[in-house]
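Chain naming here is simple, since letters A, B, ... match the order of the sequence lines and numbering starts at 1 in each. Being a predicted model, the structure only gives us computed values, none of them experimental.
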2 protein chains.
Amino acid sequence: MTGVTTAAAEPDPAEKPRRARGEQTRQLILETALRLFRERGYTETTMRAIAKEAGVAVGNAYYYFDSKEHLIQGFYDRNQVAHRVAAESVLTTEKELAPRLRGVLHAGIDVNEPYHSFAATFFKSAAEPTSPLSPFSKESSPAREAAIAIFRDVVDGSTAKLDPELRKELPELLWLGWMGVILFWVYDKSPGQRRTRRLIDGAVPLIDRMVSLSRLRVLRPALRQVLALIETVRKDD
Amino acid sequence: MTGVTTAAAEPDPAEKPRRARGEQTRQLILETALRLFRERGYTETTMRAIAKEAGVAVGNAYYYFDSKEHLIQGFYDRNQVAHRVAAESVLTTEKELAPRLRGVLHAGIDVNEPYHSFAATFFKSAAEPTSPLSPFSKESSPAREAAIAIFRDVVDGSTAKLDPELRKELPELLWLGWMGVILFWVYDKSPGQRRTRRLIDGAVPLIDRMVSLSRLRVLRPALRQVLALIETVRKDD
DNA sequence: CCCACGACTTGAACATGTTCAAGTGGTGTG
DNA sequence: CACACCACTTGAACATGTTCAAGTCGTGGG
């Protein structure tokens, strides 16, 4: 917008011949910001505080990040990677669909747990459809794809037998469900967010059962109907 | 919070002995704000502009509304009532579950349609869990109950035969689904939001079918499982 | 070696949501 | 009728995200 460095960030190091110094400052600002967010919360952390703490001018932060919200993207990306790592062990150990899914979901909550108190605060940023932080936005596309890939792994690495059509759609559906869990989690005020844990433990067997049932003859038309709906809705414009 | 008039608003006229003048000013400010929101969008409308246009001081707006976001609650309540009215005709005409539900959902979109462009802008306000504007918040409880009541009407006024347990839970589940539709609608950039219409037309028969199927013996355990999950998750803390 | 370019940095200025101490005026009471 | 109370109103002051014109400085080309 302002002819300034795009927010594409880390996963794209082959852009302009960025001098090393610049990247260093960028990281410094990001680190500082995330630390302050963790320590004081998102709203309570002012851009001035971030700049001061990082030892730069406030305008400098805006040279690297289009807005305060854009700093969250860093958090976003980081957690995505952490989720992948945390899910690793279950995905190599378990072979059945249910425990694989359960493990991945719990791992996701584990990873986010330390940030629950302020995740809620900046969650609103992600909710705005026009925001680049929205999980459905173009800018979030890489992170989204990476997240969906985890669920593809959950499905493909499992022994579950299922309709090929469903198999194709399931990862994205599970990701959507995961978004729902996150939404629930953000609103969850129970101690340790145990309601979210209960939700996961209750929903996984249910999903597992429904996936099994979907092979029943009586349910065949229903399944086709579901898949047709997805198809219809997905078509843009 | 500031010992100031609570935001309970219109549905509670039997509060403090509010002088007529006050209520008048309150309405004036609200009308002006909603008009400007519609004309220029939410973000582009400044509190100063609202005050100026309404011919009052900016501080006066804050005497009646705790924040700019609180002005949205007015919009919220109003649309709730409009939805009820718009749904009336289908609910008296149709007797089958599917068309009743379909009619109510389409009516809801109809009512919101004129505000789509800026609904997205302030949607973020509603998304923040701590915000009184959240559909799950205590403050939204009356509006939420009213909305659920519509869906209770959809179910109870229909000829559909269903498990009594499910019957009890269905209205709230349908409301939750409605929230999902709204979420989809907010993100829907297709012309006239036709994808949302397609979603409704596709999902309603599906729900109808699933409700019917739920009476099948094979699916009995699955239904029980669903209901048990709801029960478990609902328990606070 | 010098210079020009452009990446990088600065901090004051700006826009806007919000607060607050100081009124203003109508009304019920002595 | 005068007074005190209190609902209501005011606008300047404040906090904070964001912008921008003006630097600073290292580096590659002449």
Whole-Å distance between [N] [atom2] and [X] [atom1]?
| X | N | atom1 | atom2 | result |
| --- | --- | --- | --- | --- |
| B:Glu23 | C:dG26 | CD | P | 20 Å |
| B:Leu28 | D:dC8 | CG | C1' | 14 Å |
| B:Leu71 | C:dG17 | CG | P | 11 Å |
| A:Arg26 | C:dT9 | CZ | P | 12 Å |
| A:Lys52 | D:dT16 | NZ | P | 12 Å |
| A:Tyr62 | D:dA22 | OH | P | 22 Å |
| A:Phe65 | D:dG17 | CZ | P | 15 Å |
| A:Tyr64 | D:dT18 | OH | P | 18 Å |

field: B:Trp175 and B:Phe136: CA distance, side-chain angles, deciding distance, ring pair (Phe, Tyr, Trp, His ring centres under 6.0 Å) verdict
entry: CA-CA 12 Å; B:Trp175 173 78; B:Phe136 305 103; 5.8 Å; yes
query: Mapping A:Gly55 and A:Arg48 onto DNA chain C by nearest heavy atom, which one lands closer to the 5' end?
result: A:Gly55
field: Under-4.0 Å side-chain N/O to phosphate OP1/OP2 contact, A:Thr25 with C:dC8
entry: no
query: Does the side chain of A:Tyr63 get closer than 4.0 angstrom to OP1 or OP2 of C:dT10 through an N or O atom?
result: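 Answer no for this pair, as no side-chain N or O of A:Tyr63 is under 4.0 Å from OP1 or OP2.
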- prompt: Just by distance, with hydrogens left out, do A:His106 and A:Asp201 show a side-chain donor and acceptor under 3.5 Å apart?
  reply: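 Yes.
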Candidate list B:Tyr115, B:Tyr42, B:Phe37, test ring pair (Phe, Tyr, Trp, His ring centres under 6.0 Å), partner B:Phe75, passing option: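 Of B:Tyr115, B:Tyr42, B:Phe37, ring pair (Phe, Tyr, Trp, His ring centres under 6.0 Å) with B:Phe75 is met by B:Tyr115 alone.
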- prompt: Out of C:dT10, D:dT10, D:dG17, which has the shortest distance to the side chain of A:Ala57?
  reply: C:dT10
query: Which listed nucleotide (C:dT18, C:dA12, D:dT10) is nearest to the side chain of A:Val58?
result: C:dA12
field: side chain to side chain contact (heavy atoms under 4.5 Å, CB included) partner of A:Glu172, the single match among A:Arg152, A:Arg234, A:Arg144
entry: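 Testing A:Glu172 for a side chain to side chain contact (heavy atoms under 4.5 Å, CB included) against A:Arg152, A:Arg234, A:Arg144 leaves exactly one candidate, A:Arg234.
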- request: Please figure out whether B:Ala61 or A:Asn60 has its closest DNA chain D nucleotide nearer the 5' end.
  value: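 It is B:Ala61 whose nearest nucleotide is closer to the 5' end.
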task: Could you tell me whether B:Arg26 sits above the aromatic face of B:Tyr63, with NZ or CZ closer than 6.0 angstrom to the six-membered ring centre and within 45 degrees of the axis?
output: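 Cation-pi check for B:Arg26 and B:Tyr63: fails.
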